[in-house]
Amino acid sequence: MGEVSRTELEAMLVRHYAAQPVAVNPKEVDDVVRAMLAEDARMGKVRHQNMGFAAFVAAQVGFVPAWTWVAQVAIVAVMCVVAFAGGDVGATKITVGVLSAATVLVGIPTIHTSKLHGVAELEYSCPNNAASVMVARLIVLGCSSALVVLLMVAMTAAFLDLGAFAVALWATPPFFCSCAGCLFALRRAVPSTATALCVFWTVSCSAALMVLSGIFPEMYAEASLAVWAGAAALALAWLVREVAITLHSVREGLDAFSPYMAKTYN
């Protein structure tokens, strides 16, 4: 077979596909048209409806992976087993702090999913932009994590027959430190390594807690509650600062929120 020019090849392809017409059922065409008109009407109504912020936050719950809730329930279950197994009281006090810190890791993938998957720029183009999404995610995951810590504190207090306030002081400093450190890592680190850094930071917080309990055996005594209160206040102040900086960076735009992604466009 000799060489065929581009024009001849196009003509041959046109004749080939023209000889094989696809039969179209008029009813199917009508069904597609009606479906398109119905969807256009539905979207027209949606565009005229303003979603309130509370409704927007509630809607974000559906975008949190199911395994996140399963993991939080599992953490509470582990604390329940440790608290009511009748083991070492000192180990139980340490465990509530370690698991409170670990609770933070459950929400990390959802918090920085837009940067991890490179869709931060797309979020900025939406009516509810990246700043709104970040606020909603922090509220949803912050409330769920706080509920997990609250449940663990209640169970531990019931088992140890102590005041819930004392147990809360043992749990909140590791929780606040873990939250603040992870937000710092998510804000400053390359998205591909941010999760690993968050895990490292949380493990370090837990390890530091266990080392300090070994060095200072009276750390969980009633006389040390003032020290715990001071640590909780400092950790909370750091967390508030990191949340404020994170939200400010999101509002500043892509260059501030995801500089590594922004560099790829320059």
Check: At their closest point, which heavy atom of G181 faces which heavy atom of W201, and how far apart are they?
Finding: CA-NE1, 3.4 Å

Item checked: Flag, side chain of S178 to backbone of P174, donor-acceptor distance under 3.5 Å -> no

Check: Are any of the side-chain heavy atoms of S145 and V104 separated by less than 4.5 Å?
Finding: no

Checklist line | Residue pair T156, M79: steps toward the side-chain contact (heavy atoms from CB on, under 4.5 Å) verdict | finding: CA-CA 8 Å; T156 304; M79 190 67 241; 3.4 Å; yes

Next item on the list: Drop me the distance from T95's OG1 to M210's CE, to the nearest 0.5 angstrom.
Entry: 9.0 Å

Next item on the list: Indicate if V70 and L105 have the same hydrophobic cluster label, given that clusters are the connected sets of ILVMFWY residues with side-chain heavy-atom separations under 4.5 angstrom.
Entry: no

Notebook entry, point to check: Between C179 and L239, which heavy-atom pair has the shortest distance, and what is it?
Noted result: CB-CD1, 3.5 Å

Margin query: Just verifying a value: how many Å separate S132 OG and Q60 CD, rounded to the nearest 0.5 Å?
Written below: 9.5 Å

Notebook entry, point to check: OG1/T195 to CG/L186 distance, rounded to the nearest 0.5 angstrom?
Noted result: 7.0 Å

Note to self: Does any part of the side chain of R251, heavy atoms only, come nearer than 4.5 Å to the side chain of L247, both counted from C-beta?
What the structure shows: yes

Note to self: Could you check whether any side-chain heavy atom of M155 comes within less than 4.5 Å of a side-chain heavy atom of V76, counting everything from C-beta outward?
What the structure shows: yes

Margin query: Using 0.5 Å steps for rounding, measure from the OG1 atom of T92 to the CZ atom of F159.
Written below: 5.0 Å

Next item on the list: Take K93 and M219 through the test side-chain contact (heavy atoms from CB on, under 4.5 Å) and record every step on the way to the result.
Entry: CA-CA 10 Å; K93 294 177 179 179; M219 190 171 77; over 6 Å; no

Check: What's the shortest heavy-atom distance between P173 and W228, and which atoms?
Finding: CG-CE3, 3.7 Å

Item checked: Single-linkage hydrophobic cluster, 4.5 Å side-chain cutoff, L236 and I245 together -> no

Margin query: Less than 4.5 Å apart, side chain to side chain, heavy atoms only: is that true for V106 and V148?
Written below: no

Check: How many angstroms lie between atom OG1 of T110 and atom CG of L138, to the nearest 0.5 angstrom?
Finding: 11.0 Å

Next item on the list: Measure the spacing between CZ of R187 and NE2 of H248 and express it to the nearest 0.5 Å.
Entry: 10.0 Å

Item checked: Side chains of R34 and D31 in contact at under 4.5 Å (non-hydrogen atoms) -> yes

Check: Side chains of F200 and C205: does their closest heavy-atom pair fall under 4.5 Å?
Finding: no

Notebook entry, point to check: Are F216 and S224 close enough that some pair of their side-chain heavy atoms sits under 4.5 Å apart?
Noted result: no

Margin query: Between S144 and Q72, do the side chains contain a donor N or O and an acceptor N or O under 3.5 Å apart?
Written below: yes

Notebook entry, point to check: Which atom pair, heavy atoms only, marks the closest approach of V153 to A171?
Noted result: CG2-CB, 3.9 Å

Notebook entry, point to check: Taking C-beta and beyond as the side chain, do V64 and L141 meet within less than 4.5 Å on heavy atoms?
Noted result: yes

Notebook entry, point to check: Taking all atoms of both residues into account, what is the closest heavy-atom pair of I111 and R137, and its distance?
Noted result: O-NH1, 3.8 Å

Checklist line | Shared hydrophobic cluster for L147 and W69 (ILVMFWY, side-chain gaps under 4.5 Å) | finding: yes

Next item on the list: Please answer: with hydrophobic residues joined when any side-chain heavy atoms are less than 4.5 Å apart, are V211 and V98 in the same cluster?
Entry: yes

Item checked: Heavy-atom closest pair, residues A101 and T202 -> O-CG2, 3.4 Å

Checklist line | Test side-chain contact (heavy atoms from CB on, under 4.5 Å) applied to V57 and V135, step by step | finding: CA-CA 8 Å; V57 172; V135 171; 5.9 Å; no

Note to self: So that I know where these two stand, are W170 and Y220 an aromatic pair - ring centroids less than 6.0 Å apart?
What the structure shows: yes

Next item on the list: Examine V190 and F184 and state if one hydrophobic cluster contains both, with Ile, Leu, Val, Met, Phe, Trp and Tyr joined whenever side-chain heavy atoms are less than 4.5 Å apart.
Entry: no

Note to self: As a quick check of understanding, evaluate side-chain contact (heavy atoms from CB on, under 4.5 Å) for M152 and I75, giving each step before the final call.
What the structure shows: CA-CA 9 Å; M152 292 193 295; I75 289 174; 3.8 Å; yes

Next item on the list: Using atom types as modelled and distance alone, determine if a side-chain donor or acceptor of T193 lies under 3.5 Å from a backbone N or O of A189.
Entry: no

